[in-house]
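Okay, so here's the structure we're looking at.
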Amino acid sequence: MIHFNPEFTSLSITANKVYAEMGYKQIQPEEQVVMLTESLLKEILGIATPEYTFKLYRGNIEGDTVYLDEGSQLKVGTVLSSLMQGSESFAIFAATAGNTFQRYQEELKKGDDLLKSYVADAIGSCIAEETGDYMESMLKKEIGALRHTNRFSPGYCGWHLSEQKELFRLLGENPCGITLSDTCLMTPIKSISGIIGIGRNVKEKKYGCRYCELETCYKRRK
Amino acid sequence: MNEELLSKLSELTEAGKINKALAKGQDGVDEVTKQALDEGVAPDAVLEALVKGMSAIGEKFAQGKAFVPNMLLAARAMNAGMAHLKPFFSSGQVKRKGTFIIGTVFGDLHDIGKNLVAMMVEGSGWEVIDLGVDVKPEKFINAVSQHPGCVVGLSALLTTTMGNMEVVLKSLREKYPTLKIIIGGAPISQNFAETIGANGFATNPQGAVELLNELVA
Ligand code: B12
């Protein structure tokens, strides 16, 4: 298992990414929002302790299920199983903006500055995603000449969220300080989890919305 | 004259201009509301102007032309105006449209979406009681018992906690068979709302406001 606490300097979170997370695409946010984002970003990058972990397993895919050699089965659904076709091993991962950020955010919420809470929330989402990207780049180093697929998470593309339980069983108790509730909610809230297929011939294909049943998914709306 | 003040008030609310100190020396909602009331404009007309500003920004958000921060700024501006209207609410001279009780269902801790809906519904002239996150059926029942005639809103962000909406809805309806309940959150669809028997669903705060207004019309 590889477990790491990336230095923030190696995560490339810019104010522009936070604006995009808040929905501002081509438009420049209001001055107040810009000022708040810049100052919060500085503050948060100074205290946050993002972490990621991944574990490699040999395995294979049959139908809609990933079978790991150690005995675990992940029913990822037909969309994801086809996107991971050809994988010979799998990385099971988790990444989080960390508990320090979670506590920071809880403190903020006690106040009544909703705008500040909201901007901090968007920064937290960016940190979680960015830590995921960093994890992927480290995985790349680890697997050398092999290729890997995109990362896929329970709750997307027909992979039921309840499968979080099996993922967390594989990752061991509290990976990176993340806990999983009965309803499969991770705490810290700003956390992600999932699987990446690895093999000589796999491709980094995007999500396969055409086949997915989740009509409300935002990746579909985009 | 009044017309002009009122439309200025709507514009300032929509633009999130709170007060002179924050609006670069220009009058904000705070000053203009006070001025309008001082000049004898009816408080309910003032309220209407504020609501109009909020609904304009809610509409733009629903169309993807404005963003969450815009709604938050507008709500702050609205609150600055509401502070001047408080005495008229207490005296009964201005009335709320109804009471809306909202919460994120048990098992779920997400609150941004719920907070936005609460804020915009309040900004549309309703009294809002926010029960917070991870709310169990008993807490909803208790709140409803204290506010006869209220409408309830349930929020959830995950497919796993979506199921808990049905649990809350059923327990509420058992005690209050005619209670109106609306639901929302990222994974919610019209289909799901109909299946569990909710009175409606909306994908954004302005949708929630329109839904509520229809329900009490
Ligand atoms: C940002 C984001 C993240 C971030 C931050 C998460 C957070 N909640 O803070 C990160 C990257 C960390 C993340 C992680 C995960 N996420 Co996520 N995430 C999102 C995303 C893109 C936006 C969520 C958001 O903040 N929206 C902004 C707020 C304002 O919107 P909202 O809460 O939906 O509220 C609006 C409406 O729904 C409505 N509304 C809300 N409540 C109510 C109530 C009433 C009465 C009414 C009328 C209306 C209403 O009005 C609100 C205002 O417009 C959504 C997709 C999307 N676009 O919705 C997925 C989404 C929520 N995530 C999803 C999933 C699956 C996950 C993960 C489980 C993935 C994983 N395994 O790693 C994890 C879970 C994290 C955890 N703690 O357990 C799914 C959830 C559905 C499901 N399958 O269960 C979604 C819907 C994506 C999808 N597949 O479509 N996520």
Side-chain angles (χ1 to χ4, degrees), chain A residues 18-37 102 105-106 108-109 112-122 124-125 154-156 158-165 179-190 213-219 221-222, chain B residues 15-18 22-24 60-61 63-77 79 104-116 118-120 122 130 132-134 156-165 167 184-193 201 203-204:
Chain A
V18 182
Y19 302 147
E21 179 70 32
M22 296 192 283
Y24 297 92
K25 295 279 142 75
Q26 258 93 42
I27 305 161
Q28 177 74 4
E30 298 65 33
E31 201 185 319
Q32 262 167 293
V33 178
V34 170
M35 275 161 44
L36 193 58
T37 306
Q102 174 73 19
Q105 204 182 6
E106 282 164 12
L108 264 191
K109 280 184 180 165
D112 61 356
D113 194 339
L114 277 179
L115 183 58
K116 200 168 172 188
S117 283
Y118 176 72
V119 174
D121 189 273
S125 298
Y156 281 90
W159 188 6
H160 202 271
L161 194 57
S162 56
E163 294 254 319
Q164 285 275 58
K165 298 217 162 114
T179 57
L180 188 72
S181 77
D182 290 348
T183 49
C184 293
L185 177 73
M186 292 181 278
T187 306
I189 294 283
K190 302 300 179 186
E213 292 161 8
L214 190 60
E215 49 176 322
T216 54
C217 180
Y218 82 110
K219 297 231 186 230
R221 286 191 229 135
K222 270 189 186 164
Chain B
K17 303 284 182 208
I18 301 166
L22 292 167
K24 295 191 172 149
K60 281 192 180 158
F61 177 77
Q63 295 165 354
K65 290 180 190 152
F67 308 99
V68 171
N70 303 109
M71 284 197 290
L72 293 170
L73 290 169
R76 264 198 211 166
N79 285 340
T104 298
V105 296
F106 64 98
D108 203 326
L109 300 175
H110 289 96
D111 62 357
I112 295 223
K114 170 200 58 94
N115 292 347
L116 285 171
M119 202 183 74
M120 295 303 281
E122 188 166 27
D130 186 345
V133 297
D134 198 14
L157 201 73
L158 298 174
T159 37
T160 42
T161 52
M162 211 166 116
N164 292 350
M165 283 182 152
V167 177
I188 310 298
S189 63
Q190 180 65 36
N191 197 358
F192 178 74
F201 119 100
T203 57
N204 61 73

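Basis for what follows: all heavy atoms, side chains included, without hydrogens, waters or symmetry-related copies. In what follows, chains carry the letters A, B, and so on, assigned in the order in which the sequence lines appear, proteins first and then strands, with residues in each chain numbered from 1.
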Task: Structural part of B/Ile112 lying under 4.5 Å from a heavy atom of chain A - done: side chain
Task: Separation of A/Leu180 CG from A/Lys165 NZ (nearest 0.5 Å) - done: 7.0 Å
Open item on the list: Below 4.5 Å, heavy-atom pairs only: which of A/Asp121, A/Leu36, A/Asp112 has the largest tally toward chain B?
Closed with: A/Asp121
- [ ] Find the distance between OG1 (A/Thr37) and OH (A/Tyr19) and round it off to the nearest 0.5 Å.
- [x] 4.5 Å
Open item on the list: So, taking the atom named OG1 in B/Thr159 and the one named CG in A/Leu161, what distance separates them when rounded to the nearest 0.5 Å?
Closed with: 4.5 Å
Open item on the list: Quick check against the 3.5 Å criterion: does A/Gln102 have a side-chain atom that pairs as donor or acceptor with the backbone of A/Ile189?
Closed with: yes
Task: Pairs of heavy atoms under 4.5 Å with chain A: top-ranked of B/Thr161, B/Leu109, B/Asn164 - done: B/Leu109
Open item on the list: Which atoms of B/Met119 are under 4.5 Å from chain A, going by heavy atoms: the side chain, the backbone, both sets, or neither?
Closed with: side chain
Open item on the list: With a 4.5 angstrom heavy-atom cut-off, is it the side chain or the backbone of A/Ile27 that approaches chain B, or both, or neither?
Closed with: side chain
Task: Segment of B/Lys65 engaging chain A (4.5 angstrom heavy-atom cut-off) - done: neither
Task: Most chain A-contacting option - heavy-atom pairs closer than 4.5 Å, from B/Asn115, B/Leu157, B/Asp111 - done: B/Asp111
Task: Nearest-0.5 Å distance, CG of residue B/Asp108 to NZ of residue B/Lys114 - done: 11.0 Å
Task: Nearest-0.5 Å distance that lies between atom OG1 in B/Thr104 and atom CE in B/Met165 - done: 8.0 Å
- [ ] Working to the nearest 0.5 Å, report the span between CG of B/Leu73 and CZ of B/Phe67.
- [x] 13.0 Å
TODO: Tell me, for A/Leu115 versus chain B, whether the close heavy atoms (under 4.5 Å) come from the side chain, the backbone, both or neither.
DONE: both
Task: Between A/Gln164, A/Lys109, A/His160, the one whose heavy-atom pairs under 4.5 Å with chain B are most numerous - done: A/Lys109
Open item on the list: Taking side chain as everything from C-beta outward and backbone as N, CA, C, O, which of these in B/Leu116 sits under 4.5 Å from a heavy atom of chain A? Side chain, backbone, both or neither.
Closed with: neither
